Amino acid sequence: MFQHITAHIFLTVLMYIFIFLSMRIMGKREIGKLSVFDLTISIMIAEIAVFVIEDIERPIYDGLVPMAILVLIQVIVAQLSLKSRKMRLLMDGRPSILISDGKLHRGEMRKQRYNIDDLLLQLRGQNIVSPADVEFAILETSGQLTVIEKNKSVTSSNQSGNSSSGAERKEQNGESQKNSKETQSSGDSASVKLPKHKIRYEGLPIPLIMDGKVQDSNLEMIGKNRFWLRTQIRQKGVSDFRDVFLCSVDHKGQLYIDPIKPR
């Protein structure tokens, strides 16, 4: 009897240490922001740990080996995702726009199985009474709802459902306007002329280069081509698309360029 209890205690402590180390190796992410892939790995590791603790007659390595393999898979996929946007889209999916310009996208809500009660609950949690006051509501790949109001303030839902107060939002707006002015005067952004009907929303800058790869569909959307883009990045001292980590443009025509190797 005593040996049986001791074995359970030993296995419980061992599994706790192993799972703790596994979570540390897999990286720091909030539980509410885990992707479907990360959540699946975490659940499988927990289930295997339960089997090991319950059956003390089973060799420990029957549980440790599969758990180690799952951690290895997660680490490899995470490394590949850092280098490939296609891998990120495959594993995490794309954000979904549920509201734009105050209009509900019922087809997208149906596709994501997101009902109107869930949407209104999230909006009320951010002190927004009506969808008509929303410029954009975006369902992120983590399940988080990001809301861009028509007064251009940006809020996002969190686990507790709390949201910033009106005074805080005004303060954030003042800071964002100040940062915008500073950005315009700095050398990291460039102003270009774009058709107003192409980029309408301040809260949604359009990525033109991601991880060194040109987003041709976005270039076509704003009426530009690769030659124009290459000229813009060369003005910032970057010779090749592959040397750009992120390049985006906002509705004001402000071009943001972040090189892979800082100058």
Side-chain angles (χ1 to χ4, degrees), residues 27-29 33 35 77-97 100-101 135-136 138 140-142 144 146-156 169 171-263:
K28 299 179 181 179
R29 296 186 70 176
K33 296 181 180 179
S35 66
V77 171
Q79 290 297 323
L80 292 176
S81 298
L82 288 175
K83 300 178 180 180
S84 171
R85 186 166 185 265
K86 290 183 179 180
M87 177 63 73
R88 289 197 297 271
L89 293 177
L90 176 64
M91 303 308 300
D92 298 334
R94 295 176 180 270
S96 301
I97 298 177
S100 64
D101 197 21
E135 191 75 67
F136 268 101
I138 304 171
E140 307 292 354
T141 57
S142 63
Q144 178 182 0
T146 299
V147 178
I148 303 173
E149 296 182 79
K150 288 190 176 180
N151 60 4
K152 302 299 187 291
S153 62
V154 182
T155 59
S156 60
R169 291 183 183 179
E171 182 179 350
Q172 291 173 357
N173 283 339
E175 291 178 355
S176 63
Q177 291 175 0
K178 180 180 178 182
N179 291 337
S180 177
K181 292 179 180 178
E182 292 176 352
T183 302
Q184 291 177 12
S185 61
S186 66
D188 291 336
S189 62
S191 181
V192 296
K193 292 184 178 181
L194 295 175
K196 291 185 177 180
H197 68 282
K198 295 293 185 179
I199 303 179
R200 298 172 52 197
Y201 304 104
E202 184 175 353
L204 294 175
I206 297 179
L208 303 180
I209 302 176
M210 297 180 69
D211 295 328
K213 296 182 179 179
V214 178
Q215 308 300 305
D216 291 298
S217 58
N218 291 342
L219 269 178
E220 183 179 351
M221 182 176 66
I222 64 174
K224 301 296 182 180
N225 53 37
R226 288 197 174 208
F227 178 78
W228 170 85
L229 184 58
R230 188 182 298 275
T231 301
Q232 296 298 320
I233 65 172
R234 283 181 175 175
Q235 290 177 359
K236 296 300 175 183
V238 183
S239 59
D240 195 88
F241 296 137
R242 291 174 296 182
D243 297 328
V244 178
F245 182 69
L246 175 64
C247 173
S248 63
V249 63
D250 63 17
H251 79 298
K252 296 179 180 178
Q254 291 295 322
L255 198 67
Y256 172 81
I257 300 174
D258 181 43
I260 294 178
K261 296 180 180 180
R263 299 187 299 273

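Predicted, not measured: the structure shown is a model, and the values here were computed from it.
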Peer 1: Should F136 and V147 count as side-chain neighbours, where that means a heavy-atom distance under 4.5 Å?
Peer 2: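 Side-chain contact under 4.5 Å: no.
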
Peer 1: Between L80 and R88, is there a side-chain heavy-atom distance shorter than 4.5 Å?
Peer 2: no

Peer 1: Could you check if a side-chain atom of C247 sits within less than 4.5 angstrom of a side-chain atom of L229, using non-hydrogen atoms only?
Peer 2: yes

Peer 1: Check whether any side-chain heavy atom of L89 sits under 4.5 Å from a side-chain heavy atom of R94, and report yes or no.
Peer 2: yes

Peer 1: Run the side-chain hydrogen bond (donor to acceptor under 3.5 Å, both in side chains) test against D243 and tell me which residues pass, sequence neighbours left out.
Peer 2: none

Peer 1: Which heavy-atom pair separates P259 from I257 by the least distance, and what is that distance?
Peer 2: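 Closest approach of P259 to I257: CD-O, 3.7 Å.
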
Peer 1: Before accepting this row, confirm whether a basic side-chain N of the pair K213/D211 lies closer than 4.0 Å to the acidic partner's carboxylate O.
Peer 2: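 Result for this pair is no, no salt bridge flagged.
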
Peer 1: Tell me, please, which residues at least two apart from E140 pass side-chain hydrogen bond (donor to acceptor under 3.5 Å, both in side chains).
Peer 2: T146

Peer 1: Would I209 and F245 count as a side chain to side chain contact (heavy atoms under 4.5 Å, CB included) here? Give the steps.
Peer 2: CA-CA 7 Å; I209 302 176; F245 182 69; over 6 Å; no

Peer 1: Which residues pass the side chain to side chain contact (heavy atoms under 4.5 Å, CB included) test with L82, not counting sequence neighbours?
Peer 2: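 Checked L82 against side chain to side chain contact (heavy atoms under 4.5 Å, CB included); matches are Q79.
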
Peer 1: Between K224 and V249, is a side chain to side chain contact (heavy atoms under 4.5 Å, CB included) present by the stated rule, with each step listed?
Peer 2: CA-CA 12 Å; K224 301 296 182 180; V249 63; over 6 Å; no

Peer 1: The criterion is salt bridge (charged side-chain N to carboxylate O under 4.0 Å, His left out); which residues satisfy it with R226, sequence neighbours excluded?
Peer 2: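 Only D216 meet the salt bridge (charged side-chain N to carboxylate O under 4.0 Å, His left out) criterion with R226.
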
Peer 1: Over all heavy atoms of both residues, which pair between S81 and M87 is shortest? Give the atoms and the distance, please.
Peer 2: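 Closest approach of S81 to M87, heavy atoms only: OG-CG, 3.4 Å.
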
Peer 1: Just verifying a value: how many Å separate F241 CZ and I233 CD1, rounded to the nearest 0.5 Å?
Peer 2: 5.0 Å

Peer 1: Could you check if a side-chain atom of R230 sits within less than 4.5 angstrom of a side-chain atom of D240, using non-hydrogen atoms only?
Peer 2: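 Yes - at least one pair of side-chain heavy atoms lies under 4.5 Å apart.
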
Peer 1: Can you list everything that forms a side chain to side chain contact (heavy atoms under 4.5 Å, CB included) with N218? Sequence neighbours excluded, please.
Peer 2: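 With sequence neighbours excluded, N218 shows a side chain to side chain contact (heavy atoms under 4.5 Å, CB included) to I206, P207, L208, Q215, M221, given in chain and number order.
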
Peer 1: With sequence neighbours excluded, what pairs up with S96 under the side-chain hydrogen bond (donor to acceptor under 3.5 Å, both in side chains) test?
Peer 2: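 With sequence neighbours excluded, S96 shows a side-chain hydrogen bond (donor to acceptor under 3.5 Å, both in side chains) to E108, Q112, given in chain and number order.
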
